[in-house]
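The next block holds one structure in the form of structure tokens; read it before the comments.
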Number of protein chains: 2
Amino acid sequence: MKKDHIIFLIGRIQYKANRFLSQEMKAHGIKGLAPSHGEILGYLMARGPLPMSGIGRIIDKDKSTITALVNKLIRIGYVEKKRDPADSRISLIALTRKGMALKPSFLLIAQKLRAHSYKGVLDDERETLVNLLDKINANL
Amino acid sequence: MKKDHIIFLIGRIQYKANRFLSQEMKAHGIKGLAPSHGEILGYLMARGPLPMSGIGRIIDKDKSTITALVNKLIRIGYVEKKRDPADSRISLIALTRKGMALKPSFLLIAQKLRAHSYKGVLDDERETLVNLLDKINANL
DNA sequence: TGTTAATAGTTTGATATGAAACTCTATTGC
DNA sequence: GCAATAGAGTTTCATATCAAACTATTAACA
């Protein structure tokens with residue numbers, strides 16, 4: 001029976017991780033943001049400007065959701081939208097100066113989440129875990 | 001870097017599992033239900049009547065969310081609410097006949113999800129996976 | 001080259017979700 | 001016994017999310 005509970009466990013972990021991230025962002029003075037917003041900002045920090053479709057592909061949410069999320073980030077001032085000169089259907093989303101300023105906090109928060117969740121988990125166990133999750137992710 | 005992506009992977013897997021469950025429920029003629037509703041029904045099938053607070057504890061959602069979810073299940077007719085005679089603060093939620101009739105479909109769907117997601121994963125790997133996820137879940 | 005199909009985003013409407021304030025009941029401490 | 005506190009649910013409000021229909025632009029192809 002026990003090994004049937006992976007999906008259940010995964011749901012719980014995600015829920016708790018989200019709660020953790022929300023709390024930490026708030027503690028760093030980043031308020032009013034959901035984890036999805038953080039995820040978008042994180043990817044922009046790592047990869048530079050991205051089109052809406054690219055963001056959607058990465059965070060795996062409906063494109064209308066991306067529109068809403070990015071609009072909020074624009075409203076707050078963390079992000080700006082530019083027309084792609086080569087293809088005017090495309091909007092490129094880029095961090096503003098205010099958005100870039102969040103990077104140090106984000107790195108700290110990500111590190112803290114990792115430290116918490118992996119407490120007592122060995123390096124090769126993490127490796128195993130990622131490989132198994134990768135396989136399941138590919139199966140679905 | 002790769003082993004830092006567990007939370008990311010978990011999010012994707014949960015998203016896909018939810019999509020899978022929604023599709024399967026629809027295919028079985030169970031329409032208009034979100035995975036959370038299915039989760040509640042599944043627990044009622046397994047454990048019998050539960051108080052709202054118990055449901056909340058199991059599926060780890062806010063009590064106001066539980067109220068909304070259960071109300072919908074009542075409206076559709078899968079579930080009914082009874083006062084606990086011993087403690088009138090408590091509402092006991094129980095499956096109706098119509099709700100119980102869903103059980104065979106639910107078992108099939110759960111089995112299909114497991115078969116899909118675990119394709120190519122050995123039994124002892126599943127064991128390992130659950131143990132590691134358990135640890136992370138406890139850490140958070 | 002002009003029509004059709006594909007792609008990028010947005011809008012609209014519905015729903016799940018959470019937070020905070022509130023009601024009602026039970027329990028606890030004096 | 002009675003006041004204060006805790007517990008179970010609900011209501012209200014705000015927001016993330018998805019699906020479907022829509023607009024606008026580019027690509028395909030005949």
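Quick caveat: nothing in here was measured; it's all calculated off a predicted structure. The sequence lines fix the lettering, A, B, ..., with proteins before strands; numbering per chain opens at 1.
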- request: Map A/Thr67 and B/Leu33 onto DNA chain C by nearest heavy atom, then report which one ends up closer to the 5' terminus.
  value: A/Thr67
- prompt: Who else is in the cluster with B/Leu92 when I, L, V, M, F, W and Y are joined by side-chain contacts under 4.5 Å?
  reply: B/Ile90
statement: By side chain to side chain contact (heavy atoms under 4.5 Å, CB included), A/Ser88 pairs with (sequence neighbours left out) A/Arg83
- request: Only counting residues at least two apart or in another chain, list the ones meeting side chain to side chain contact (heavy atoms under 4.5 Å, CB included) with A/Ser105.
  value: A/His28, A/Ile30
task: For DNA chain C, note the earliest and the latest nucleotide, 5' to 3', having some atom under 4.0 Å of a heavy atom belonging to chain A.
output: C/dA6 to C/dG18
- request: For residues 70-116 of chain B, pull every pair meeting ring pair (Phe, Tyr, Trp, His ring centres under 6.0 Å), keeping only residues two or more places apart or in separate chains.
  value: B/Phe20-B/His116
Can you list everything that forms a side chain to side chain donor-acceptor pair (under 3.5 Å) with [X]? Sequence neighbours excluded, please.
| X | result |
| --- | --- |
| A/Asn139 | none |
| A/Glu39 | B/Arg12 |
| A/Ser91 | none |
| A/Glu24 | A/Lys112 |

Distance, rounded to the nearest Å, where [X] contributes [atom1] and [N] contributes [atom2]:
| X | N | atom1 | atom2 | value |
| --- | --- | --- | --- | --- |
| B/Ile55 | D/dG9 | CD1 | P | 9 Å |
| B/Ile66 | D/dT11 | CD1 | C1' | 16 Å |
| A/Ile76 | D/dA16 | CD1 | C1' | 13 Å |
| B/Asn18 | D/dA16 | CG | P | 19 Å |

Please report, to 0.1 Å, the donor-acceptor pairs under 3.5 Å made by any side chain of residues 54-65 of chain A, with sequence neighbours excluded.
| from | atom 1 | to | atom 2 | distance (Å) |
| --- | --- | --- | --- | --- |
| A/Lys61 | NZ | A/Ser36 | OG | 3.2 |
| A/Asp62 | OD2 | A/Ser64 | N | 2.9 |
| A/Asp62 | OD2 | A/Ser64 | OG | 2.6 |

message: Within the 4.0 Å heavy-atom criterion, would you say A/Leu69 contacts the bases, only the backbone, or no part of the nucleic acid?
response: sugar-phosphate
task: With heavy atoms under 4.0 Å as the rule, sort B/Ser91 into base, sugar-phosphate or nothing.
output: sugar-phosphate
field: Residue whose closest nucleotide on DNA chain D lies nearer the 5' end, B/Ala68 versus B/Arg57
entry: B/Arg57
- prompt: Where along residues 34-47 of chain A does a heavy atom come under 4.0 Å from DNA chain C, residue by residue in number order?
  reply: none
task: State whether the number of non-hydrogen atoms from other residues, nucleotides or ligands found under 6.0 Å of A/Lys16 atom NZ is greater than 12.
output: yes
- prompt: If the sugar-phosphate is the primed atoms plus P, OP1 and OP2 and the base is the rest, what is the B/S/- string for nucleotides 18-25 of chain D, using protein heavy atoms under 4.0 Å?
  reply: BBB----B
message: Main chain of A/Thr67, side chain of A/Asn71: is a donor-acceptor contact present, judged purely on distance under 3.5 Å?
response: yes
